There are 2 protein chains.
Amino acid sequence: MIYLDNAATTNYKPQSVIDSVTDCITKYPFNPNRSGNKQALELQQKLYDIRKKLSLLYNNDSENHVAFTSGCTMALNLAILGNAKKGHIIITCTEHNSVLRPVMQLKRKGFVDVSVVCPNANGDISVDDIARYVRRDTYMLCVSHASNVTGKYQNLEKIGDYARRHNIIFLADCAQSAGYLPLDMAKCNVDLVAIAGHKGLHGIQGAGALIFNNRSVPRPITFGGTGTESHLQYQPNTVPDCLESGTLPTPAIMAMSAGVDYWLDNWKENRDIIEKTQQIILDGLNKINGVKVYSQPNLSGVIAFNIHEKDSGEVADELSQKYDIAVRGGLQCAPLMHKWLGTTEQGIVRASVSCATTQEDCYALINAVELIAK
Amino acid sequence: MIYLDNAATTNYKPQSVIDSVTDCITKYPFNPNRSGNKQALELQQKLYDIRKKLSLLYNNDSENHVAFTSGCTMALNLAILGNAKKGHIIITCTEHNSVLRPVMQLKRKGFVDVSVVCPNANGDISVDDIARYVRRDTYMLCVSHASNVTGKYQNLEKIGDYARRHNIIFLADCAQSAGYLPLDMAKCNVDLVAIAGHKGLHGIQGAGALIFNNRSVPRPITFGGTGTESHLQYQPNTVPDCLESGTLPTPAIMAMSAGVDYWLDNWKENRDIIEKTQQIILDGLNKINGVKVYSQPNLSGVIAFNIHEKDSGEVADELSQKYDIAVRGGLQCAPLMHKWLGTTEQGIVRASVSCATTQEDCYALINAVELIAK
């Protein structure tokens, strides 16, 4: 199979990631923060080190402000539901359902009003456009660092500067940027960052993290054993423990950590591969009659396109069944983005490369699309 | 290290479990229910089969009534918060914080009143005692199938019969029983079962499941992409998808499934080992002057004890540091149980055996306890 659905889950898992999982299962099948035995304490130290690594990576204020979650969706739920209050939230057209649906749930419950900012013709979210929606009770702004539909990145620095000056909590959904482009939370005035382990970081499914600062400490949204203050019948307040009820998914956390190391060690070579393969596909598709391309070159290696008026799901099915090429059709869980792009009915075919994509993979896709387009 | 903390996480992982994880990472690094490519569909079929297996195992009504979660705590949160309404909940003294804290959160929010039923002198929760607390607005009853402190099992059939006749939703926390004793939901009139993958099932941390029936379909408590009805800005209603926002922790789910197979294939031999090793420890500890044992023989292999008035945490530390034996001190996240046992201050030392425990392990513990008790 030619795998070009890396924006969903990267299929290349570095040996170091696989080893970290096996290592965790066979050498550390314990509960950190629970058992006091030596190896469990060793594991606890490892988790502390990973918190520190993630905090440094995103230039945040404290390793205690990193909550491990079961994935990016849970991190976003924690960020949004855990900071919920009566008021107004601004999101953008580019948000994934993992941002949109928690926000709309708050709206449905009568907690918040929601405004949606659309990008300009270049795909950029501008401060001026955000400013147009800001109200006195606007308390949160959510922006996808990179769109999961087109791969388009947002420059968060200006937006963050504006948000901080207006005392608005700024949440960046980094599901599609982690592993491709770091983010300086301090410099960009980003208060909350949500990441996934299994996409650009090449970890396994089952872990993500929410990185937050002093301005945006979430309240717990799920409740249970934290290994601390066990005598309390109510959820304790100590972060990050109070945000991590239940046994942590240590194998997936270790994989995410190995993935961060892999990123730091290989980012330059991998970026080159992604740039090159992406460019081949972009050039190839742009030359085919009847193919519309929605993406510009981007760090995440995402190429969104359509063939004539063909339903994107059918194209994806044909690519899979006839050519054994895996891409993603449909709405990619981002309905507002498709509304903005005018592709709600047709959806979009999303191909996404990774550091393991070869030039042959690219040409295979181009040839298949050419045949389908005929 | 002699590992006797299996009630937290079993440290023995069968080769089939390890293989299932590696297999999932290397052969199926995809998103089921998202991508339409052949192998992703294959993975989707595997997940469907696991739902079916769990539904059959617990004799429930439909494979669509199995929601995968990140663990048992999340399953319990989904069961409790997802069925929340104004009214009255009954729990028992034996509940873990993963039941207690979600329930108390509902209380704190003014949603529910909570009553706590204590066991009789034998440790049994009786229907008569439950009946004493039932009100007209009692809508949920939560009972741990097996106590995580003493290992004591509850007979759920009579309780379930009573609950069903009074139209009370009956939730069984099977964190400590899954992998040791099955439960017939239909026969016992249990509406909701929460299980963990990493304990008695010998899977890895990061997956659990909530099995529910038609009477107890929970509402989603987290929100995001479900791979279905992506055009909806609000969370869709289709189960189980709507309860599983975000990418599923497939490696841990596969491990849980391999763990179920391992259980079904080996339950008799493993039960024998657990019975025998547990009995050795019980006999040994009962003979030591100054040691108080709180457990009777139980299927989960849990042995709760204290040495004189010594703090249980200190005993656990000494066992770890001097004798390299891993047990669990403190309150085991079950404060009401310790209140009932009168061990809130001292806590309890919990040793827990598994199918991988040897007789030598048992004698090492007994000898160490004897020395500490002197």
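Any value given below was found using the heavy atoms of this structure, including those in side chains, with hydrogens, waters and symmetry copies removed. Keep in mind it's a predicted model, so treat the numbers as computed, not measured.
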Colleague: Examine whether an atom of A/His198 lies under 4.5 Å from a heavy atom of chain B, and if so say whether it belongs to the side chain, the backbone or both; otherwise answer neither.
Modeller: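 Side chain only.
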Colleague: Do you know which of A/Gln233, A/His338, A/Met74 has the most heavy-atom pairs under 4.5 Å to chain B?
Modeller: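 Winner by heavy-atom pair count: A/Gln233.
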Colleague: Verify whether one side chain among A/Thr247 and B/Gln205 offers a donor that lies under 3.5 Å from an acceptor in the other.
Modeller: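 No, because no side-chain N or O of A/Thr247 sits under 3.5 Å from a partner of the opposite role on B/Gln205.
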Colleague: Which pair of heavy atoms, one from A/Gly246 and one from B/Thr73, lies closest together, and at what distance?
Modeller: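 What the structure gives for the nearest pair is CA-OG1, 3.3 Å.
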Colleague: Mark yes or no for whether B/Arg101, through its side chain, and A/Leu232, through its backbone, hold a donor-acceptor pair below 3.5 Å.
Modeller: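 The answer is yes, because a donor-acceptor pair under 3.5 Å joins these two groups.
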Colleague: Specify which of A/Ala175, A/Ala334, A/Gly330, A/Pro249 makes the most heavy-atom pairs with chain B at under 4.5 Å.
Modeller: A/Pro249
Colleague: Kindly give the heavy-atom pair with the smallest separation between A/Ile221 and B/Leu81, and that separation in Å.
Modeller: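 Answer, listing the atom of A/Ile221 first, then B/Leu81: O-CD1, 4.0 Å.
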Colleague: Taking every non-hydrogen pair under 4.5 Å, which of A/Ser70, A/Gly206, A/Pro102 racks up the most with chain B?
Modeller: A/Pro102
Colleague: Heavy-atom cut-off 4.5 Å, strictly under: side chain, backbone, both or neither for B/Ile253 against chain A?
Modeller: neither
Colleague: Around A/Asp23, counting heavy atoms of other residues, nucleotides and ligands shown, do more than 12 lie under 6.0 Å from its CG?
Modeller: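 Buried by this count: over 12 neighbours within 6.0 Å.
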Colleague: Non-hydrogen atoms of chain A under 4.5 Å away: do they reach the side chain of B/Thr344, the backbone, both or neither?
Modeller: neither
Colleague: Calculate, to the nearest 0.5 Å, the distance between atoms OG1 and CG belonging to A/Thr222 and B/Leu76 respectively.
Modeller: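 Output value for this atom pair is 11.0 Å.
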Colleague: Are the side chain of A/Asn77 and the backbone N or O of B/Phe223 linked by a donor-acceptor pair below 3.5 Å?
Modeller: yes
Colleague: Please classify the contact of A/Leu100 with chain B as side chain, backbone, both or neither, using a heavy-atom distance under 4.5 Å.
Modeller: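 Contact with chain B is through both the backbone and side chain of A/Leu100.
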Colleague: Please determine, among B/Gln332, B/Gln321, B/Arg108, the option with the most heavy-atom pairs under 4.5 Å with chain A.
Modeller: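 The option with the most such pairs is B/Arg108.
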Colleague: For A/Gln15, does the CD atom have more than 12 heavy-atom neighbours from other residues, nucleotides or ligands under 6.0 Å away?
Modeller: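 Yes, CD of A/Gln15 has more than 12 neighbouring heavy atoms, counting only those of other groups under 6.0 Å.
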Colleague: Answer with side chain, backbone, both or neither: which region of B/Thr10 has an atom nearer than 4.5 Å to a non-hydrogen atom of chain A?
Modeller: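 Contact with chain A: backbone only.
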Colleague: Go through the atoms of B/His231 and report whether side chain, backbone, both or neither lie under 4.5 Å from a heavy atom of chain A.
Modeller: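 Its backbone and side chain both get close to chain A.
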Colleague: Measuring from B/Phe30:CZ to A/Asp5:CG, what's the distance to the nearest 0.5 Å?
Modeller: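 Between B/Phe30 CZ and A/Asp5 CG, I get 9.0 Å after rounding to 0.5 Å.
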Colleague: Using only atom types and a distance under 3.5 Å, with no angle test, would you say the side chain of B/Asn97 pairs donor to acceptor with the backbone of A/Thr226?
Modeller: no
Colleague: Mind ranking B/Ala255, B/Pro251, B/Gly208 by heavy-atom pairs under 4.5 Å with chain A and telling me who comes out on top?
Modeller: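 The answer is B/Pro251.
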Colleague: Would you compute the distance between atom NE2 of B/His202 and atom CD1 of A/Ile25 and round it to the nearest 0.5 angstrom?
Modeller: 14.5 Å
Colleague: Is there side-chain contact between B/Gln39 and A/Tyr3, with at least one heavy-atom pair below 4.5 Å?
Modeller: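 The answer is no, as the side chains (C-beta and beyond) never meet within the 4.5 Å cut-off.
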Colleague: I'd like to verify something: which residue of A/Gly329, A/Ala196, A/Ala316, A/Ala326 has the highest number of heavy-atom pairs under 4.5 Å with chain B?
Modeller: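 Looking at each of A/Gly329, A/Ala196, A/Ala316, A/Ala326 in turn, A/Ala326 comes out on top.
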Colleague: Surrounding CZ of A/Phe111 (heavy atoms of other residues, nucleotides or ligands, distance under 6.0 Å), is the total greater than 12?
Modeller: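 Counting neighbours around CZ of A/Phe111, 12 or fewer heavy atoms of other residues, nucleotides or ligands fall under 6.0 Å, so no.
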Colleague: Measure the CG-CG distance between A/Asn11 and B/Asn31 for me, rounded to the nearest 0.5 Å.
Modeller: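 The distance works out to 11.5 Å.
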Colleague: Can you name the closest pair of heavy atoms from B/Gly227 and A/Cys333 and give their distance?
Modeller: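 Nearest heavy atoms, B/Gly227 then A/Cys333: N-SG, 4.2 Å.
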Colleague: Shorter than 4.5 Å, heavy atoms on both sides: which option in B/Pro236, B/Gly347, B/Gly313 has the most such pairs with chain A?
Modeller: B/Pro236
Colleague: Considering only heavy atoms, which portion of A/Ile18 lies under 4.5 Å from any heavy atom of chain B: side chain, backbone, both, or neither?
Modeller: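 The answer is the side chain of A/Ile18.
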Colleague: Carefully, step by step, assess A/Thr26 and B/Lys13 under the rule side chain to side chain contact (heavy atoms under 4.5 Å, CB included).
Modeller: CA-CA 7 Å; A/Thr26 53; B/Lys13 303 303 175 196; over 6 Å; no
